[in-house]
Chemist: 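Here it is, the structure, as structure tokens.
Start at 1 with the first residue, then count along the sequence.
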Amino acid sequence: MIVHQGTQLTIKPDVYDVLRGVIDLSETILYNRLFKGPDSPDATLFHYGFDAPDSPDNTGDAEGTEFDASTAESYGSRANMYGRMQHYNKKFGVGEVAQGNQVFNTNQKDEYGYQMKMGLLKCLRSAEYVIVGGQEAQAGNKTTPFRTRGLERLLVDTAGIAVQTDAATIVPAAFRMAAAQIVTLTVTGGDYTLTEDNINAPLNATYNAMKGKINFDVLCTTTFKGKVSKFGLLTPTVSDFTAVRRFNQEAKDKTVTATIDTYVGDAGVCRFELHPWLRHDTGTQLSEAIGLDMRFGCLRMRQAPTATPLDKTGGGKKGEIIHTFGLQYVPKVSARFARDA
């Protein structure tokens, strides 16, 4: 048979790979990096414990003392924190005529397959936005959405705890951030100054709270990250001194590396990485950067992102995308770099 235009399907560009829609790991940093924990027996309210170490003492003790219940030691400082699940349930569908269409640049996917794929990508992006977000926890039911508290509302000290209005899940005082773990960046003329002292302050405060070195993954805005990278810039101290930028250069590649991704301080390490959704909603989110030690958090998973077809009840083809998870993190082990109001 001779193949010609009249015997082919609709002519399409000569592209058989996805040009748009493949999710990059940099778009879902926290969702991918946080440990996936077990489901909760109750999605409306789950709990997780944290045990703070006892303070040492140097008083010494006499020998031969008998046990006395009234003076016996009790060790540990256990407490429970509480959280709620976030539920995502989106329906999608295509008409019976549109279902036969093949979509450009999708390796010959039909419209239903394309909608399913793009819906799953939005589901993952939404999960990342939820984790870093400023929404408050909310107990869900048939008419009220299920919501987990985002990091913007979770990482507050006692002075800012009033933003947590869901009484059952307010972080206990013993596990809130210390005031020094929150760095306020004063905005002047639309800009702010960031110094190495600003980075060391929450590291030192967290070290003093935990009595151990900290490993922070610091998720930040492009503005904040750019200021960190400028830590390698030498500033002149006299008018006739020429400023010189320190950088690494591979002679064979002629490549200038002018970024700083890791800062090693006396009390710990900060690894800086851009986050796409930080300050995305500027009405509720004020952080320029959030520092987390991933050992102290996880996602409670009830339902991983799943797309399933729905029963046929009329023309077209239908499906739904479901995802249910809850964020848990111990605020005591964190840093926050927030713009002033």
Chemist: Are any of the side-chain heavy atoms of Q303 and F325 separated by less than 4.5 Å?
Modeler: no
Chemist: Determine, stepwise, if the pair D39 / R300 fulfils salt bridge (charged side-chain N to carboxylate O under 4.0 Å, His left out).
Modeler: CA-CA 5 Å; D39 186 15; R300 301 291 289 268; over 6 Å; no
Chemist: Does E152 reach the main-chain N or O of V132 with its side chain, forming a donor-acceptor pair under 3.5 Å?
Modeler: no
Chemist: Would a hydrophobic clustering, with Ile, Leu, Val, Met, Phe, Trp and Tyr connected at side-chain separations under 4.5 Å, put M301 with M81?
Modeler: yes
Chemist: Given the rule in the salt bridge (charged side-chain N to carboxylate O under 4.0 Å, His left out) test, do E320 and K90 qualify, once you have shown the distances and angles that lead to the verdict?
Modeler: CA-CA 6 Å; E320 68 176 355; K90 304 295 185 186; over 6 Å; no
Chemist: Could you work out, with side-chain hydrogen bond (donor to acceptor under 3.5 Å, both in side chains) as the rule, every residue matching N200, not counting sequence neighbours?
Modeler: Y263
Chemist: Taking NZ, NE, NH1 and NH2 as the nitrogens, is one of them in R147 or E136 under 4.0 Å from a carboxylate oxygen of the other?
Modeler: no
Chemist: Above 12 or not: heavy atoms from other molecules or residues under 6.0 Å from OH of Y207?
Modeler: no
Chemist: Under a 3.5 Å cutoff, is there a donor and acceptor pairing between the side chains of D57 and T59?
Modeler: yes
Chemist: With K36 as the cation and Y31 as the aromatic partner, state whether NZ or CZ is under 6.0 Å from the six-membered ring centre and within 45° of the axis.
Modeler: yes
Chemist: State yes or no: are the ring centers of Y82 and Y48 separated by less than 6.0 Å?
Modeler: no
Chemist: Is any side-chain heavy atom of H87 closer than 4.5 Å to a side-chain heavy atom of I322?
Modeler: yes
Chemist: Could you list the residues that satisfy side-chain hydrogen bond (donor to acceptor under 3.5 Å, both in side chains) with N208, not counting sequence neighbours?
Modeler: none
Chemist: If you measure only the distance, is there a donor-acceptor pair under 3.5 Å linking the side chains of T169 and R149?
Modeler: yes
Chemist: If only atom types and distance count, is the side chain of Q135 paired as donor or acceptor with the main-chain N or O of T148 below 3.5 Å?
Modeler: yes
Chemist: When you measure from the centre of the six-membered ring of Y112, is the NZ or CZ of K317 closer than 6.0 Å and no more than 45° off the axis?
Modeler: yes
Chemist: Under the salt bridge (charged side-chain N to carboxylate O under 4.0 Å, His left out) rule, collect the residues that match up with R295, sequence neighbours excluded.
Modeler: D293
Chemist: Does some side-chain heavy atom of Y88 sit less than 4.5 Å from a side-chain heavy atom of K122?
Modeler: yes
Chemist: Minimum heavy-atom separation for A307 and M116, please, with both atom names.
Modeler: CB-CG, 3.5 Å
Chemist: Do S229 side-chain atoms and G226 backbone N/O form a donor-acceptor pair below 3.5 Å?
Modeler: no
Chemist: In terms of hydrophobic clusters joined by side-chain contacts under 4.5 Å, are Y129 and F146 together?
Modeler: no
Chemist: For the side chain of R84 and the backbone of F46, is there at least one donor-acceptor N/O pair under 3.5 Å apart?
Modeler: no
Chemist: Just do the side-chain hydrogen bond (donor to acceptor under 3.5 Å, both in side chains) check on D68 and S70 with the steps written out, would you?
Modeler: CA-CA 5 Å; D68 187 324; S70 63; 2.7 Å; yes
Chemist: If hydrophobic clusters are built from ILVMFWY residues whose side chains come within less than 4.5 Å, do W277 and L155 share one?
Modeler: yes
Chemist: Please answer whether the main-chain N or O of R153 pairs with a side-chain N or O of Q164 as donor and acceptor at a distance below 3.5 Å.
Modeler: yes
Chemist: Let me confirm one number: the CG-CD1 distance from L219 to I29, rounded to the nearest 0.5 Å.
Modeler: 5.0 Å
Chemist: Is the closest basic N to carboxylate O distance between K225 and D261 below 4.0 Å?
Modeler: yes
Chemist: Run the side-chain hydrogen bond (donor to acceptor under 3.5 Å, both in side chains) test against T143 and tell me which residues pass, sequence neighbours left out.
Modeler: N141
Chemist: Taking it one step at a time, do E128 and R33 satisfy salt bridge (charged side-chain N to carboxylate O under 4.0 Å, His left out)?
Modeler: CA-CA 11 Å; E128 186 73 12; R33 202 165 292 173; over 6 Å; no
Chemist: Are I170 and R176 side-chain neighbours, meaning at least one heavy-atom pair lies under 4.5 Å?
Modeler: yes
Chemist: Quick check against the 3.5 Å criterion: does N198 have a side-chain atom that pairs as donor or acceptor with the backbone of T195?
Modeler: yes
Chemist: In chain order, what residues pass the salt bridge (charged side-chain N to carboxylate O under 4.0 Å, His left out) check against K227, with sequence neighbours excluded?
Modeler: D191
Chemist: Are M118 and Y114 side-chain neighbours, meaning at least one heavy-atom pair lies under 4.5 Å?
Modeler: yes
Chemist: Could I get the full list of side-chain hydrogen bond (donor to acceptor under 3.5 Å, both in side chains) partners for D157, not counting sequence neighbours?
Modeler: none
Chemist: Can you tell me which residue among I290, L203, I199 is in a side-chain contact (heavy atoms from CB on, under 4.5 Å) with F216?
Modeler: L203
Chemist: Would you check if there is a donor-acceptor pair between the side chains of R336 and S287 at a distance under 3.5 Å?
Modeler: yes
Chemist: Shared ILVMFWY cluster between L151 and F175, side chains joined below 4.5 angstrom?
Modeler: yes
Chemist: Could you state whether M294 and V130 fall into the same hydrophobic cluster, counting links through intermediate Ile, Leu, Val, Met, Phe, Trp or Tyr residues with side-chain heavy atoms under 4.5 angstrom apart?
Modeler: yes
Chemist: Answer whether the closest heavy-atom distance between the side chains of T306 and T308 falls below 4.5 Å.
Modeler: yes
Chemist: Between Q328 (side chain) and G297 (backbone), is there a donor-acceptor pair under 3.5 Å?
Modeler: no
Chemist: Side chains of C220 and F337: closer than 4.5 Å at any heavy-atom pair?
Modeler: no
Chemist: Quick one: does P309's side chain get under 4.5 Å of K318's, heavy atoms only?
Modeler: no
